[in-house]
Amino acid sequence: MQTTGPIGVFDSGYGGLTVLKALRKKLPNHDFIYFGDNARAPYGNRSFDVVYEFTLEAVKFLFEQGCPLVILACNTASAKALRTIQQKDLPQLAPNNRVLGVIRPSAEVLKESTKSGCVGILGTNGTINSNSYPIELQKFAPNLKVFQHACPMWVPLIENQKHLHSAGEQFIAEDLAVLMAQQREIDSILLACTHYPVLKKQIEKIVGPNVKVVPQGPIVAKKLQAYLQAHTEMNNRLSKNGSVTYFSSETPVVFNEKAGYFLGTKVEARHHSF
Ligand code: DGL
């Protein structure tokens, strides 16, 4: 009988938990392993080479744990490492395994979500400076007008739970004002960082009811479900006991407390460092 394994979900920190939550809702029988590289997060301001190196280490670790499929639930890693891992590393490491990212599926949904043709992208410095979203959207929606803004303070604010403090709220409002000042017609904003769904309600309140705020978790979950329906050979390699195992490069006590906040449930992580 073929051996089966869990779906690996990777993020630099806690943000990928917003994707994991949506994945588990859509695929409740599948097993998952989450790895957060919390000890080395945030990745947002790190160089291309460093993000690639760290992401590759995480993918190798998840493969060693028996995951035939790994989702990079991190825009920064998807922007800076996914293509090289898919094209250069995967054929040598594990040619039958797959590594998927969050950029293409999110870009496709963003195109559908806008009526004005003007969309906003919010992300880390790494994601925004890579221009990954405008480049991806240009391939299938060349008429779309894309406006971007990097919010380097948001991940630290969220990870330290300071986003609801008045100073945190001020940073968030200022960043949104900078994005919206670029074009009044923006009617859809993609939260192109998996941490940002924590701020969804705050953002909606600031931008008002005419602007759609689009989180990535449900998008990635829906696309993964469709992918597994189309790739039954991969789905057959995935174990299905409805379990989830958490690993963090940070001390488990710290991870458990913060992850519990993101997930709304108790978490017992194991430690893994490189
Ligand atoms: N959650 C990650 C993303 O989607 C970024 C967080 C970080 O800066 O490490 O880009």
Side-chain angles (χ1 to χ4, degrees), residues 8-23 34-59 70-83 85 99-107 109-110 120-136 148-163 168 171-172 175 189-200 203 213-221 223 246 248-250 254-255 258-259 261-263 274:
V9 180
F10 166 66
D11 182 41
S12 60
Y14 301 99
L17 294 170
T18 63
V19 176
L20 177 73
K21 205 171 172 182
L23 290 174
Y34 184 85
F35 175 62
D37 193 7
N38 306 83
R40 302 192 293 192
Y43 281 11
N45 291 325
R46 291 191 185 274
S47 70
F48 184 98
D49 287 346
V50 171
V51 173
Y52 162 66
E53 186 193 317
F54 287 1
T55 305
L56 183 59
E57 282 178 345
V59 167
V70 171
I71 310 294
L72 302 186
C74 175
N75 290 266
T76 313
S78 298
K80 294 191 171 189
L82 178 65
R83 185 126 322 150
I85 290 176
V99 181
L100 304 174
V102 292
I103 292 177
R104 177 71 191 210
S106 308
V109 169
L110 190 60
I121 312 274
L122 296 172
T124 63
N125 272 331
T127 300
I128 300 304
N129 294 338
S130 73
N131 264 330
S132 297
Y133 279 96
I135 291 168
E136 203 57 47
Q148 306 193 89
H149 179 62
C151 311
M153 286 305 291
W154 288 17
V155 169
L157 283 174
I158 294 166
E159 297 231 331
N160 295 296
Q161 290 170 32
K162 292 278 189 282
H163 52 285
F171 269 114
I172 293 161
D175 278 318
I189 297 177
L190 178 70
L191 303 183
C193 171
T194 53
H195 282 69
Y196 297 176
V198 172
L199 308 177
K200 186 168 176 279
I203 296 171
V213 179
V214 185
Q216 294 180 300
I219 299 174
V220 177
K223 293 282 176 177
Y246 298 91
S248 172
S249 56
E250 180 54 274
V254 176
F255 180 87
K258 290 199 179 174
Y261 173 76
F262 275 79
L263 291 169
F274 297 104

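Whatever order the structure lists them in is the order used to number ligands and atoms, beginning at 1.
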Subject >> Whether Thr194 side chain and Ala73 backbone form a donor-acceptor pair below 3.5 Å >> reply: yes
Original post:
Do Ser130 and Thr127 have side-chain N/O donor and acceptor atoms under 3.5 Å apart?
Top reply: no
Subject >> Matching residue for Val213 among Leu122, Leu191, Leu199, Leu190 - test: side chain to side chain contact (heavy atoms under 4.5 Å, CB included) >> reply: Leu191
Original post:
Do Ser249 side-chain atoms and Ala39 backbone N/O form a donor-acceptor pair below 3.5 Å?
Top reply: yes
**OP:** Mind jotting down which protein residues get a heavy-atom contact under 4.0 Å with ligand 1? Chain and number order, please.
**Re:** Asp11, Ser12, Pro42, Tyr43, Gly44, Cys74, Asn75, Thr76, Thr124, Val155, Cys193, Thr194, His195
Subject >> All ring pair (Phe, Tyr, Trp, His ring centres under 6.0 Å) counterparts of Phe262, not counting sequence neighbours >> reply: Tyr14
Original post:
Between Gln148 and Asn131, does any side-chain donor sit less than 3.5 Å from a side-chain acceptor?
Top reply: yes
